[in-house]
Amino acid sequence: MKDKYMLNCLNYALKKVDNDELPIAALLIKDNKIVCKSVNNKNLKNNVLGHAEIRCIQKASKKLKRWNLSDCELYVTLKPCEMCELVIKESRIKSTYYLLDRLETKKVYQKSQFIPITGMEKEKKQYQEKLKKFFENKR
């Protein structure tokens with residue numbers, strides 16, 4: 001069954017991806033049925049989130065009317081990048097299957113910096129309390 005889904009995903013990538021896009025496709029399965037599928041459109045739409053995996057998860061969430069996709073599986077033609085891996089984990093997808101590992105020649109952008117703000121102790125404490133209450137009510 002997995003080969004059937006992966007072949008479907010691969011064929012979709014080869015048919016649907018524009019020449020200016022990396023030919024990656026993703027499809028999401030629930031109860032042995034295809035919920036949705038998607039391809040990259042990052043360059044076409046000038047959207048950094050235009051990865052096949054993220055687009056597929058967004059479509060599935062809209063269709064299933066929920067963000068938690070723990071009863072679903074994802075099939076992708078190329079191993080997901082770090083951003084997509086995080087989105088996949090956050091959506092609780094049970095398993096992700098991929099056809100090929102990422103290319104070793106792929107450059108990873110490393111110039112973004114993440115710097116915590118110093119000071120503002122009152123605001124930090126206030127915000128921390130808000131987060132704490134939110135999670136206490138949810139879990």
Side-chain angles (χ1 to χ4, degrees):
M1 201 65 136
K2 288 177 181 57
D3 289 354
K4 176 182 129 183
Y5 294 136
M6 187 54 76
L7 189 57
N8 186 314
C9 190
L10 177 60
N11 287 333
Y12 193 66
L14 297 175
K15 289 178 187 172
K16 293 288 186 179
V17 175
D18 182 274
N19 288 338
D20 290 335
E21 294 291 348
L22 192 57
I24 298 175
L27 76 102
L28 192 108
I29 304 296
K30 180 185 180 306
D31 299 329
N32 293 317
K33 292 183 180 129
I34 297 173
V35 174
C36 60
K37 45 185 157 180
S38 192
V39 293
N40 276 18
N41 73 354
K42 179 178 166 181
N43 294 323
L44 180 68
K45 299 289 185 174
N46 292 314
N47 182 351
V48 71
L49 299 176
H51 291 217
E53 302 92 327
I54 292 174
R55 294 183 67 227
C56 194
I57 289 167
Q58 289 174 322
K59 285 180 182 182
S61 294
K62 187 174 183 177
K63 188 172 182 177
L64 299 173
K65 296 179 176 31
R66 58 191 166 91
W67 64 267
N68 186 326
L69 304 174
S70 58
D71 56 348
C72 299
E73 295 178 331
L74 186 67
Y75 288 78
V76 185
T77 53
L78 191 64
K79 184 178 180 183
C81 68
E82 291 175 4
M83 176 178 69
C84 291
E85 280 186 16
L86 291 173
V87 172
I88 291 164
K89 288 176 185 177
E90 197 63 33
S91 65
R92 312 290 196 265
I93 290 173
K94 181 173 36 176
S95 301
T96 300
Y97 302 97
Y98 61 91
L99 187 63
L100 290 178
D101 279 316
R102 295 195 63 76
L103 307 173
E104 290 184 26
T105 57
K106 169 81 169 118
K107 294 180 183 176
V108 178
Y109 186 76
Q110 297 288 345
K111 295 182 181 177
S112 296
Q113 295 182 24
F114 296 86
I115 304 166
I117 294 292
T118 56
M120 299 183 68
E121 298 309 318
K122 179 183 170 191
E123 291 82 359
K124 285 180 184 178
K125 185 172 180 150
Q126 186 180 25
Y127 183 57
Q128 191 171 30
E129 279 300 313
K130 181 79 169 176
L131 290 173
K132 183 179 175 184
K133 285 180 184 174
F134 174 83
F135 286 113
E136 284 174 355
N137 292 333
K138 295 289 180 184
R139 296 179 183 170

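Just so it is clear, the structure is predicted and the values come from calculations on it, not from any experiment. Basis for what follows: all heavy atoms, side chains included, without hydrogens, waters or symmetry-related copies.
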Is [Y] close to [X] at the side-chain level, that is, under 4.5 Å between some pair of heavy atoms?
X	Y	answer
Asp20	Leu44	no
Glu21	Val39	no
Ile54	Cys84	yes
His51	Leu22	no
Ile57	Ile93	yes
Arg102	Cys81	yes
Ser91	Leu74	no

- prompt: Honestly curious: do Leu86 and Leu28 fall in one hydrophobic cluster under the side-chain, below-4.5 Å linking rule?
  reply: no
task: Find out if a path of hydrophobic residues (ILVMFWY) with successive side-chain heavy-atom gaps under 4.5 Å connects Trp67 to Ile88.
output: no
Which atoms form the tightest heavy-atom contact between [X] and [Y], and what is the distance?
X	Y	result
Cys36	Cys56	SG-O, 3.2 Å
Leu69	Ala60	CD1-CB, 4.2 Å
Leu10	Thr77	CA-CG2, 3.7 Å
Asp101	Leu78	O-CD1, 3.2 Å

Atom [atom1] in [X], atom [atom2] in [Y]: separation rounded to 0.5 Å?
X	Y	atom1	atom2	answer
Met6	Tyr97	CE	OH	9.5 Å
Leu131	Glu136	CG	CD	11.0 Å
Tyr5	Lys33	OH	NZ	9.5 Å
Cys9	Ile29	SG	CD1	9.0 Å
Ile34	Tyr75	CD1	OH	10.0 Å
Leu99	Asp3	CG	CG	9.5 Å

- prompt: Partners of Ser70 by side chain to side chain donor-acceptor pair (under 3.5 Å), sequence neighbours excluded?
  reply: Asn68
Is it the case that more than 12 heavy atoms not belonging to [X] sit under 6.0 Å from its [atom1] atom?
X	atom1	result
Glu85	CD	yes
Gln126	CD	no
Lys124	NZ	yes

message: I'd like to know if the side chain of Asn11 and the backbone of Leu7 have a donor-acceptor N/O pair within less than 3.5 Å.
response: yes
task: Evaluate the criterion side chain to side chain contact (heavy atoms under 4.5 Å, CB included) for residue pair Leu49 and Met83; output intermediate values, then yes/no.
output: CA-CA 9 Å; Leu49 299 176; Met83 176 178 69; 3.9 Å; yes
- line: In short, salt bridge (charged side-chain N to carboxylate O under 4.0 Å, His left out) pairs touching residues 51-68 with sequence neighbours left out are Arg66-Asp71
